[in-house]
2 protein chains.
Amino acid sequence: MAEAAMAAAVHPANAEPDRIGHFLELFADRLDANRAKIAETAHEETALPLETRLAQIEFGRMLGQLRAAASAARDVSPNSWRTPLIDTDSGIRSDFGPLGGAVLTIGPNNFPLAFHAVSGGDFAAAIAAGNPVIAKGHPLHPETGLLLARCAAEAVTEAGLHPATVQYFHQCDPEDGLRLVVDSRIAAVGFTGSRAAGLSIKAAADASGTPSFLEMSSVNPVFVLPSALAERGAQIGGEWAASLLMGAGQFCTKPGIAVMVGKGGDAFLEAATSALRAAAPGVLFSVDGVERLACGIDAVEAAGAVLRCGGASGSPGSRFEPTLLEVDGDDFLKSFEDLSQELFGPVGLVVRAADLNEASSLAARFGGQLTATMFTGSDDDAAWMALEPILRVKCGRLIENKMPTGVAVVPSMVHGGPYPATGHPGFTAVGLPTSVRRFAMARCWDGVASERLPAWLQ
Amino acid sequence: MAEAAMAAAVHPANAEPDRIGHFLELFADRLDANRAKIAETAHEETALPLETRLAQIEFGRMLGQLRAAASAARDVSPNSWRTPLIDTDSGIRSDFGPLGGAVLTIGPNNFPLAFHAVSGGDFAAAIAAGNPVIAKGHPLHPETGLLLARCAAEAVTEAGLHPATVQYFHQCDPEDGLRLVVDSRIAAVGFTGSRAAGLSIKAAADASGTPSFLEMSSVNPVFVLPSALAERGAQIGGEWAASLLMGAGQFCTKPGIAVMVGKGGDAFLEAATSALRAAAPGVLFSVDGVERLACGIDAVEAAGAVLRCGGASGSPGSRFEPTLLEVDGDDFLKSFEDLSQELFGPVGLVVRAADLNEASSLAARFGGQLTATMFTGSDDDAAWMALEPILRVKCGRLIENKMPTGVAVVPSMVHGGPYPATGHPGFTAVGLPTSVRRFAMARCWDGVASERLPAWLQ
């Protein structure tokens, strides 16, 4: 696969921005023409709701990303991801361009379309930058992946790109996967998934000098500041519970930990608990996932958290009860590592911080996150100002008065954050054209004759 | 040091672009006021020529970079490194900002001013992004570093930044240095130096999830294409020798390997050899450097290269004779690892490639480089087109008909390249404002009240 990808990387047709843009549009059109079958298959394989989640929201997002990537691929303007610069005095020109090898994309279980290795955000960004892609789909939705990959292959042919521009597989031993990661013909890796898998990929990529962009894990802390807690505690508690339940809690932006700052969190807690009690068990992607979740909850309880509702798997199949745990701020700080772990499912932990000082200590303990959120009330300006400098540098997206689930696909979105949320604080996995820059290299031409330059640098 | 830097990172004054810009200008002014003393000290410690190299060229470059960084720090326009984006429909805004911890800069031996850890390119870029810096100067020019650091400290005070915005040292055990690299309060590392030191820093930084930007090593291959060789062989040979001798061959862009493509390289070789024979021994930075160079030359000879001139150390002090080695293309390919090593000093290797095919195989074997150069003649278009796709993705800067020494400080410069030349193909160590992005994180504000936002996002 790597050898074939190298042939694609140097193929002249693959250096044409218009052709790449055309491929991405043809691919989106083909996917759209097969929408019913693909969405149905993804629904069967993942148990995610067909309407509107898969067939409308996620499908639309996947198509929108591919079409936005087509625009990005074609864009050679000064403000594009290519940022062409021409210094006529010195004869030195620069831009960003493809990496000269394959981008290996490794997709997650939780977005079988919009984050799929062969049709999702990493794929779109890597192709827009002019790279061939070797895509590894998630083995929990194999048929979906094959349908997507088939559309891609047809679009590659129709657009006239090298046939190895897109290669696909979804099954391999972890060792074979890591062997591919370190292959010198793999120019970069894009990954979305668990922290354990991400860290093993990162270690391999680091050792071979391969840039990797990993979206690994995040508990997305939500701080409910004192005034907000007093003024709208019940409302925010309900919103939090609803956000926990989205996608059965299997979102990377699930607000897994809510920190109530100051006294008076009972209304928040009651509203959240009753909403979770009233909800049906969530269907997880796999029986393994149920086991890992149960284990995680055991560890959190062992570390001092108290179970308020749920806590058990449901039936039939891989279901899990909506679950709420609670712990005091000082206990949370004492057993931070155990209590701050990501619990991938419909599970949340409420932390009672005695005051703003404790909340600040707590905020400072968190590692890198995709998001951090503060709910503010009429008298929370000082609390915001105390926490903001701490939280701002811990997360890619800082949110006020809104739950973090739901990642808008707009250019100003940052779906990234410092390690260990991702592998690099300077990038985003969502938000074209910025996301393209992960898979691009800085190129300079010095004294090169005009006719040898890309058109946008002449 | 790390704790003090964290206090600086969250200090309100350090979040003011104008104040940071003011500091950088004050610093440049103070350096300029002490130019004679600083340049003289650097000359005594490094043996690099005082005029014009240190007092004019490198000093001017250092000041120019700091002043360009001041402009970059102040720039909040849409085209700045901050790239502020405002999406009013969704209420989502983004920019790039400081990392929330210290940037550790580690400076090299070969540019005591313009690449110094406390006054050079990495320093300027890290400060412009709003980060505090912990600078480790090179122990071979300690007094120079202290003079530079003192000017920085005075400018910090005068500008009203947090006193720990710039911290400096130049001596530590390697283990203590690595302990600092992995400290969670170190947000990124910038390094210029040897491959061995760079790789040990990279391994430590990778394991702790710290982004590192390393400029490590490069042999900067120069390909002399058939027509150029026939038409201007002697002239190019002379230019190559002159480029090898610059800074006693201790430049990161020294063209260490020249590949003659096709028959008829005798004129090139004769001109280069006689120029090197006529030149005085170069003064290296240390006796260790002389020993390492002699070892490297032994290894290259043992691997099959023939010594054409030089090869021995000179006296007095740490001198080394200008040295030329030669090898056939097929032997070069057979013993590639030994023969392609960087020889840090006035030493070059000529490779005789039998034809364009062999030159292509050879080009494909090289790892990432800072630069790659092709000298072209009247009939070399086909040869350029055969080699360009291979070389383009191996280097940051692709050059035609010019030696790579001399790195113009312009925005379109890329002083970077794929691993192992550097640690990441998407960045440059020279060329403001692009170089700032290494030390910046992608930040997003979602639904945050306008008055809480940075001015440029309101």
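Treat the numbers as computed from the prediction; the structure is a model and nothing was measured. Protein chains get the first letters and strands the later ones, always in sequence-line order, with residue 1 at the start of each.
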Pairs of heavy atoms under 4.5 Å with chain A: top-ranked of [options]:
{"options": "B:Gly447, B:Cys444, B:Ala449, B:Gly100", "value": "B:Cys444"}
{"options": "B:Gly367, B:Pro211, B:Gly396", "value": "B:Gly396"}
{"options": "B:Leu85, B:Ile92, B:Thr428", "value": "B:Ile92"}
{"options": "B:Pro425, B:Gly431, B:Ala207, B:Ala440", "value": "B:Pro425"}
{"options": "B:Pro420, B:Gly416, B:Gly209", "value": "B:Gly209"}

Validation row: B:Val103, B:Pro132 side chains within 4.5 angstrom (heavy atoms): no

In short, B:Arg392 meets A:Met441 closest at the heavy-atom pair O-CE, 3.8 Å

Please find the pair of heavy atoms, one from A:Ala421 and one from A:Gly368, that lie closest to each other, and give the distance. CB-O, 3.3 Å

Is A:Phe427 close to chain B through its backbone or its side chain, or both, or neither, when contacts mean heavy atoms under 4.5 Å? both

Under 4.5 Å to a heavy atom of chain B? For A:Pro418 that would be side chain

May I ask you to decide whether A:Arg452 forms a salt bridge with B:Glu388, counting only side-chain N to carboxylate O separations under 4.0 Å? no

B:Asp446 with A:Arg397: basic N within carboxylate O range, under 4.0 Å: yes

For chain B, which candidate among [options] shows the most heavy-atom pairs at distances under 4.5 Å?
{"options": "A:His415, A:Lys394, A:Lys402", "value": "A:Lys402"}
{"options": "A:Asp206, A:Thr83, A:Thr373", "value": "A:Asp206"}
{"options": "A:Arg93, A:Arg438, A:Glu451", "value": "A:Arg93"}

Look only at the side chain of [X] and the backbone of [Y], and say whether a donor-acceptor pair between them is shorter than 3.5 Å.
{"X": "A:Thr422", "Y": "A:Gly417", "result": "yes"}
{"X": "B:Asp380", "Y": "B:Ala383", "result": "no"}
{"X": "B:Asp87", "Y": "A:Val410", "result": "no"}
{"X": "B:Glu400", "Y": "B:Met374", "result": "no"}

Where does [X] contact chain A at under 4.5 Å (heavy atoms): side chain, backbone, both or neither?
{"X": "B:Asn401", "result": "neither"}
{"X": "B:Arg443", "result": "both"}
{"X": "B:Thr210", "result": "neither"}
{"X": "B:Pro84", "result": "neither"}
{"X": "B:Asp89", "result": "neither"}

Name the residue from B:Phe191, B:Tyr419, B:Phe439 that meets the ring-ring contact (aromatic ring centres under 6.0 Å, His included) definition with B:Phe213. B:Phe439

